[in-house]
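Single-structure report; data block below.
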Amino acid sequence: MSADDELAAAAEVCDERINLSVATSHQTENGPTTTFSAVESEKAAYAFIPQTPIRSTDAHLFEFSEAMRTVAKTLRRVVEGKAAAQAEAAEWKRKYELEMEAKENKHHDVIKGCSNYGKDNLEHLASQLTMETPSVNQTGCCGNHGICSHQILQDECPGPNRKVDESIVGRKAPFRLSWGCDGDKNGQYKHDFVSFEKGDIKTAERSKKQILLKWESPPQTVLFVTKPNSNSVHALCAKMVRWLKEHNNMNVFVEPRVSKELLAEDSYFNFIQTWDNDQEIKALHTKIDLVVTLGGDGTVLWAASLFKGPVPPVVAFSLGSLGFMTPFPSEQYRECLSNVLKGPFSITLRSRLQCHVIRDAAKDEVETEEPILVLNEVTIDRGMSSYLTYLECYCDSSFVTCVQGDGLIISTTSGSTAYSLAAGGSMVHPQVPGILFTPICPHSLSFRPLILPEYVTLRVQVPFNSRGQAWASFDGKGRIQLGPGDALICSISPWPLPTACLADSTTDFLRSIHDGLHWNLRKSQSFDGPSA
Ligand SMILES: NC(=O)c1ccc[n+]([C@@H]2O[C@H](COP(=O)([O-])OP(=O)(O)OC[C@H]3O[C@@H](n4cnc5c(N)ncnc54)[C@H](O)[C@@H]3O)[C@@H](O)[C@H]2O)c1
Ligand SMILES: Nc1ncnc2c1ncn2[C@@H]1O[C@H](COP(=O)(O)OP(=O)(O)OP(=O)(O)O)[C@@H](O)[C@H]1O
């Protein structure tokens with residue numbers, strides 16, 4: 001067969017395959033057949049590339065083989081577009097259901113009269129919560145912006161018909177979140193929304209906003225999450241448990257490991273509770289009012305990982321080395337806990353990322369896979385491989401870039417001071433709504449880190465022509481191998497980690513970067529020298 005004949009035969013096969021995939025994707029735009037056919041065609045296209053009869057350096061043959069790659073890439077986009085659309089549709093559906101549920105709860109509140117806080121009460125509460133400018137006019141401010149734990153935590157209405165497991169613990173303490181707001185000097189509070197009066201688009205003046213948590217009834221149940229293998233942590237945990245029982249008559253949950261340790265030590269601890277299986281862990285958020293962590297940042301990450309959905313407020317005591325997210329001094333635990341149990345206190349709502357791994361082999365299972373939630377970041381790197389990582393990245397449906405280097409970090413703003421910082425990313429206040437996109441050792445001179453808005457969905461794809469595997473890890477744990485064709489989809493989770501602040505969100509953040517990282521520490525310039 002001559003080279004021309006071979007080229008013609010190859011073109012024919014290619015045409016057939018392209019026709020097949022185009023036809024199927026037109027037939028059933030959303031149906032699973034499309035995905036399967038597109039995947040098959042794409043695989044066939046790649047399988048076909050090595051068979052392409054390139055026997056000479058003929059430029060046409062080379063071009064043809066490049067065209068096949070383009071076809072394969074296009075088919076890949078069809079498949080991935082559908083996967084992303086499915087994930088997005090599921091998210092919208094979930095949001096819709098939540099909204100409906102919230103509306104229904106509100107309706108019940110009104111009908112049963114079980115809401116303790118009417119508008120008047122709420123306004124009163126808001127003025128109590130507004131710490132810095134008690135004189136500002138609250139109408140339409142905190143009153144309208146307060147968020148109630150009945151809605152947030154999907155809790156039952158307080159009353160005789162509640163469903164929470166009361167055999168073990170009492171009712172979960174309801175609380176209310178409010179914006180602590182600071183109006184301008186003449187006492188006029190301004191909302192931070194965009195107004196368009198008389199056709200002019202104007203961003204109204206920003207107000208200082210801190211989120212304040214006020215208990216509606218005293219919290220009753222505390223979960224302790226503690227760093228393992230530390231005598232000082234263990235001793236403090238035992239002391240705190242005793243104190244909470246004796247002074248506040250609290251119910252106490254600990255991890256199974258800690259429960260065994262405490263019971264082996266003293267039968268006094270018979271009252272503590274724990275869990276036996278994953279099902280019970282899933283129900284924890286319905287019983288726990290407050291989580292106390294004893295350890296460093298890793299312990300806060302660990303505590304966050306226990307909650308795959310809503311998370312109760314977390315009070316993090318510092319017993320680690322750096323303690324970026326652990327503002328409470330363990331020596332003053334009595335005073336700190338008393339303040340938190342009494343409330344109100346500032347909280348930082350730390351956003352988490354929900355990550356879905358989509359296997360090339362199981363594209364249609366995206367909806368059944370449980371998302372993995374991270375508080376810091378998801379990292380996609382080269383693992384043990386000595387090859388460059390090759391990753392294609394998309395933001396919603398737009399192509400962002402190809403990463404060629406050691407890997408990529410997709411980080412929350414809380415994680416901005418962790419691995420992302422080490423890879424050259426910016427430090428971002430944890431309440432800034434964004435997602436950080438930070439390359440690890442990119443082999444290019446111009447790959448600067450990005451910060452994207454919080455509402456985007458990111459997709460990182462290992463292309464079929466990648467030389468090696470990639471590895472994803474979640475908050476530095478749980479490594480998963482990603483092969484060619486596999487993808488990782490990330491977006492902000494609706495379930496943040498609410499962490500109690502020692503002072504307030506900004507003061508705590510600045511204190512952490514000063515004390516923990518010695519940010520911008522430099523000897524002061526001497527006074528004597530040339531004058532300007
Ligand atoms: N080169 C690096 O800097 C690097 C490499 C791997 C992992 N990490 C980080 O370690 C985290 C896991 O933490 P770990 O404690 O389980 O592991 P670890 O014990 O290895 O601790 C890593 C260090 O990161 C600090 N850290 C964790 N989260 C932080 C945050 N949000 N802000 C500032 N510092 C933070 C911890 O205090 C600790 O000193 C990962 O999520 C990742 O961000 C960093
Ligand atoms: N409750 C827990 N169960 C199992 N492992 C835990 C738990 N809490 C923390 N860890 C793990 O123990 C390790 C060390 O914990 P942590 O980071 O809190 O302490 P540290 O290293 O002394 O403090 P820092 O992070 O401030 O340097 C982390 O890798 C973390 O994942």
Side-chain angles (χ1 to χ4, degrees), residues 223-234 236-237 253-262 274-275 281 284 291-307 314 316-330 348 350-353 355 372-383 405-432 435-436 438-441 449 471-479 490 496-497 499 505 508-519:
L223 164 67
F224 279 85
V225 179
T226 58
K227 175 167 77 168
N229 303 324
S230 163
N231 291 336
S232 56
V233 166
H234 177 78
L236 184 68
C237 177
F253 274 76
V254 294
E255 296 167 274
R257 161 184 54 84
V258 181
S259 167
K260 273 190 211 138
E261 287 169 3
L262 289 175
T274 187
W275 56 87
I281 295 183
L284 267 185
V291 179
V292 169
T293 67
L294 305 180
D297 296 318
T299 308
V300 177
L301 296 173
W302 189 272
S305 73
L306 292 177
F307 296 89
V314 175
F317 284 92
S318 172
L319 284 112
S321 49
L322 178 56
F324 208 89
M325 296 188 286
T326 59
F328 289 90
S330 54
T348 303
R350 296 180 180 274
S351 61
R352 297 195 285 171
L353 280 168
C355 312
I372 303 166
L373 291 180
V374 293
L375 176 59
N376 269 352
E377 77 285 287
V378 52
T379 305
I380 306 107
D381 61 29
R382 61 191 172 85
D406 277 1
L408 174 71
I409 299 164
I410 299 178
S411 169
T412 62
T413 45
S414 290
S416 70
T417 43
Y419 198 1
S420 171
L421 167 119
S426 193
M427 293 194 286
V428 187
H429 186 298
Q431 289 209 168
V432 174
I435 304 177
L436 285 83
T438 312
I440 310 170
C441 299
W471 293 81
S473 56
F474 306 88
D475 283 343
K477 302 229 173 331
R479 277 191 162 259
C490 309
L497 185 86
T499 52
S505 197
D508 284 10
F509 173 69
L510 293 175
R511 187 178 296 159
S512 289
I513 62 172
H514 288 141
D515 296 354
L517 297 173
H518 306 300
W519 179 62

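The shown structure was predicted, so the numbers you read here are calculated from the model rather than taken from an experiment. Order of listing sets the numbers, starting from 1, for every ligand and every atom in it. Hydrogens, waters and symmetry mates are skipped; everything else that's a heavy atom, side chains included, is used.
For E261, there are no salt bridge (charged side-chain N to carboxylate O under 4.0 Å, His left out) partners two or more places apart in sequence or in a different chain. Judged as a side chain to side chain contact (heavy atoms under 4.5 Å, CB included), and not counting sequence neighbours, the contacts of H514 are L510, W519.
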**Request:** With salt bridge (charged side-chain N to carboxylate O under 4.0 Å, His left out) as the test, would you mind laying out the steps for R479 and D381 before giving the verdict?
**Result:** CA-CA 10 Å; R479 277 191 162 259; D381 61 29; 2.6 Å; yes
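One side chain, S230 or S232, offers a donor N or O that lies under 3.5 Å from an acceptor on the other. Using a 3.5 Å distance cut-off with no hydrogens or angles, the side chains of T438 and S420 do pair a donor with an acceptor.
Considering every non-hydrogen atom in both P430 and S414, the closest pair reads CB-OG, 3.9 Å. The two residues G415 and S411 come nearest to each other via the heavy atoms C-OG, 3.2 Å.
Near ligand 1, heavy-atom contacts under 4.0 Å come from D297, G298, L301, L322, F324, M325, N376, E377, S414, T417, A418, Y419, A422, D475, G476, K477. Within 4.0 Å of ligand 2, heavy atoms belong to protein residues V225, T226, K227, P228, E255, R257, G295, G296, D297, G298, T299, W302, G320, S321, L322, G323, K477.
Ring planes of F509 and H429: tilted class, angle from 30 to 60°.
Remark: side-chain polar atoms of N376 are not paired, donor with acceptor, to backbone N or O of D475 under 3.5 angstrom.
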